[in-house]
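Quick note on labels: first sequence line is chain A, next is B, and so on, each numbered from 1.
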Protein chains: 2
Amino acid sequence: MVEAQANRGGHRRLICKLQSIANLAEDEMRDVQLLPLSLKSVPADTQIVRDGERPRECCLIVEGFVCRFKMLSDGRRQIMSFHIPGDIPDLQSLHLKILDHSIAAVGVPAILAFIQHQDLHDITRQHAGIAAALWRDTLIDAAIFREWMVGLGRRAAIRRFAHLVCEMALRMKAVGLADHQTYDFPVTQSDLGDALGLSTVHVNRVLQEIRKKRLLEFKGSTITIRDWKGLEELGQFDPIYLHQNSAAGMLDG
Amino acid sequence: MVEAQANRGGHRRLICKLQSIANLAEDEMRDVQLLPLSLKSVPADTQIVRDGERPRECCLIVEGFVCRFKMLSDGRRQIMSFHIPGDIPDLQSLHLKILDHSIAAVGVPAILAFIQHQDLHDITRQHAGIAAALWRDTLIDAAIFREWMVGLGRRAAIRRFAHLVCEMALRMKAVGLADHQTYDFPVTQSDLGDALGLSTVHVNRVLQEIRKKRLLEFKGSTITIRDWKGLEELGQFDPIYLHQNSAAGMLDG
DNA sequence: CGGATCGTTGAGTTGTATCAAGACGGGTGG
DNA sequence: CCACCCGTCTTGATACAACTCAACGATCCG
């Protein structure tokens, strides 16, 4: 069955993600695999949950690309994070009843696996290791926010973009979604602007500049890194803040 | 003994903080009060823990004012949060071994109470409620980061500042450190610039502008709010993101 | 083929940074 | 007790990064 396959996909993605941030015991992994998942697919650029809601479930990304964002009263938007398969972007709703931002699929349709809060509470009560791993995941989330704050507050536009490209490369790599120097990043220049705190026009000019420096290509929705060292330097990128289990041996081969 | 008093102060502050974000049971509060605290005072504007360290304890603020920040290679700084008595600014170190930023006292000397990671691990293992409360605390931390990101990315300088003033007012109020419309905020204009992503010169001009609007006074290290409604509107401030137990009935009396 | 979305370009504007210098103010030492 | 000094605040002049507005080109899709 298609559904059974996708379900396995959901558990596989979750396991893979958890292993990239923690070391789970055998029985813990087994129970993660038994978590009831409720699958749903959403079209590209569609909201999944909305600012102000009180969700009773968390959403695990199985396929696709997701962002969290807040709208301002004048219609402008700030994207606070991008999420990839294996992430649970609203894990915080487990302990914060009201959602203080929205979540949406970006660029391409997404397949999501919803997990009841109740089931997550149960599994964390039974397995201290899983509780710790999930807590840790939300802490890494926060660490990424902090790093973005540095960019938004203190880094020039082109550095911000370079930094984002490096970050996504490592995160995609950690869950097996990036090969040597290429990965999929299906966002528009307008999305990028909302994430980097820039106007679309300026994003466009930044992209041209970075292409001219031959640091990367960005055709269609594919990013191809041509000069990892250069990108890292331009973005002042130091992967420590990602707190990955193995932050070594990356794309610079 | 002075130390015994301050120790009680530490536990009192912690209890007060935890009650502002969660509902603890009797026995949980009792065990919180039994947590071993190791007191230390640090001079104003001194680092407490440093980027890259691997702390074995967390630091509870008993008195004073603390910020978390990252330094850039060119010596500029981004402050990512301010912390007040009752906060544990490095609670995340419980699950993220390496610190990805530094922590320092700002403006005035601080009294800190260090809690061994081991003791925190023990108490969370014994009391699911305390584990949840601490996890929740780190999640609120992250929610505040997100809100700051919106400011840094999308709000004009004066709005950013107004927003910060509102946020600090509510947080101080929640732990009994702000009265009707006044509270202590011992930061220099340079600190403010590092928090808001602005130059000192521009902070100065923003302050003048906001004074001219008669929204607040900022003499010495004391902020006096003159027009809460106006500040809230200017800062586009909506307290939802603070996830306080009782976000109602604030300074606008 | 037409419309919608996205990307690109140019011109003009503005918010904020930088540089430089002076004023203020609180603490220290002579 | 005064003089001095250092950090902070303030002000002015100038520079520039990024924004806005507006128009046009490129794709894609129905």
Subject >> Close side-chain approach of A:S221 and A:F185, heavy atoms under 4.5 Å >> reply: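 Sidechains of A:F185 and A:S221: no contact.
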Original post:
Looking at side-chain heavy atoms only, is the closest gap between B:V165 and B:L216 below 4.5 Å?
Top reply: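 They are in contact (side-chain heavy atoms under 4.5 Å apart), so the answer is yes.
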Subject >> Exam field: side chain A:Q244 to backbone A:L170, donor-acceptor pair closer than 3.5 Å >> reply: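 At least one qualifying donor-acceptor pair exists.
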Whole angstrom is fine here: how far is it from [atom1] in [X] over to [atom2] in [N]?
{"X": "A:L192", "N": "D:dA18", "atom1": "CG", "atom2": "C1'", "answer": "16 Å"}
{"X": "A:R211", "N": "C:dG7", "atom1": "CZ", "atom2": "P", "answer": "10 Å"}
{"X": "A:L207", "N": "C:dT9", "atom1": "CG", "atom2": "P", "answer": "11 Å"}
{"X": "B:Q189", "N": "C:dA17", "atom1": "CD", "atom2": "C1'", "answer": "16 Å"}
{"X": "B:L152", "N": "C:dT16", "atom1": "CG", "atom2": "C1'", "answer": "14 Å"}
{"X": "A:N204", "N": "C:dA11", "atom1": "CG", "atom2": "P", "answer": "16 Å"}
{"X": "B:K219", "N": "D:dC9", "atom1": "NZ", "atom2": "C1'", "answer": "15 Å"}
{"X": "A:D45", "N": "C:dA4", "atom1": "CG", "atom2": "C1'", "answer": "14 Å"}

Original post:
Around atom CD of A:E233, are there more than 12 heavy atoms of other residues, nucleotides or ligands at under 6.0 Å?
Top reply: no
Original post:
If you pin B:T200 and A:T200 to their nearest nucleotides in DNA chain C, which one's is more 5'?
Top reply: A:T200
For [X], which contact category applies under a 4.0 Å heavy-atom criterion: base, sugar-phosphate, or nothing?
{"X": "A:L198", "result": "sugar-phosphate"}
{"X": "B:G220", "result": "nothing"}
{"X": "B:S199", "result": "base"}
{"X": "A:G107", "result": "nothing"}

Looking at [Y] and [X], is any side-chain nitrogen of the basic one under 4.0 Å from a carboxylate oxygen of the acidic one?
{"X": "B:E217", "Y": "B:R211", "value": "no"}
{"X": "A:E209", "Y": "A:R205", "value": "no"}
{"X": "A:R146", "Y": "B:D100", "value": "yes"}
{"X": "B:K213", "Y": "B:D227", "value": "no"}

Original post:
Strictly by modelled atom types, are B:T182 and B:D179 linked by a side-chain donor-acceptor pair under 3.5 Å?
Top reply: no
Subject >> Closest listed nucleotide, where the reference is the side chain of B:Q208 and the choices are C:dG7, D:dC19, D:dT10 >> reply: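 The listed nucleotide nearest to B:Q208's side chain is D:dT10.
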**OP:** Kindly point out which of C:dT16, D:dT11, D:dC19 is positioned nearest to the side chain of A:H202?
**Re:** D:dC19
**OP:** For nucleotides 21-30 of chain D, just jot down a letter per nucleotide in 5' to 3' order: B, S or -, based on protein non-hydrogen atoms under 4.0 Å.
**Re:** B---------
Original post:
Which ones in residues 153-164 of chain A lie close to DNA chain D, meaning a heavy atom under 4.0 Å from one of its atoms?
Top reply: A:A156, A:A157
Subject >> Spacing of OG belonging to A:S41 relative to CD1 belonging to A:I111, to within rounding of 0.5 Å >> reply: 6.0 Å
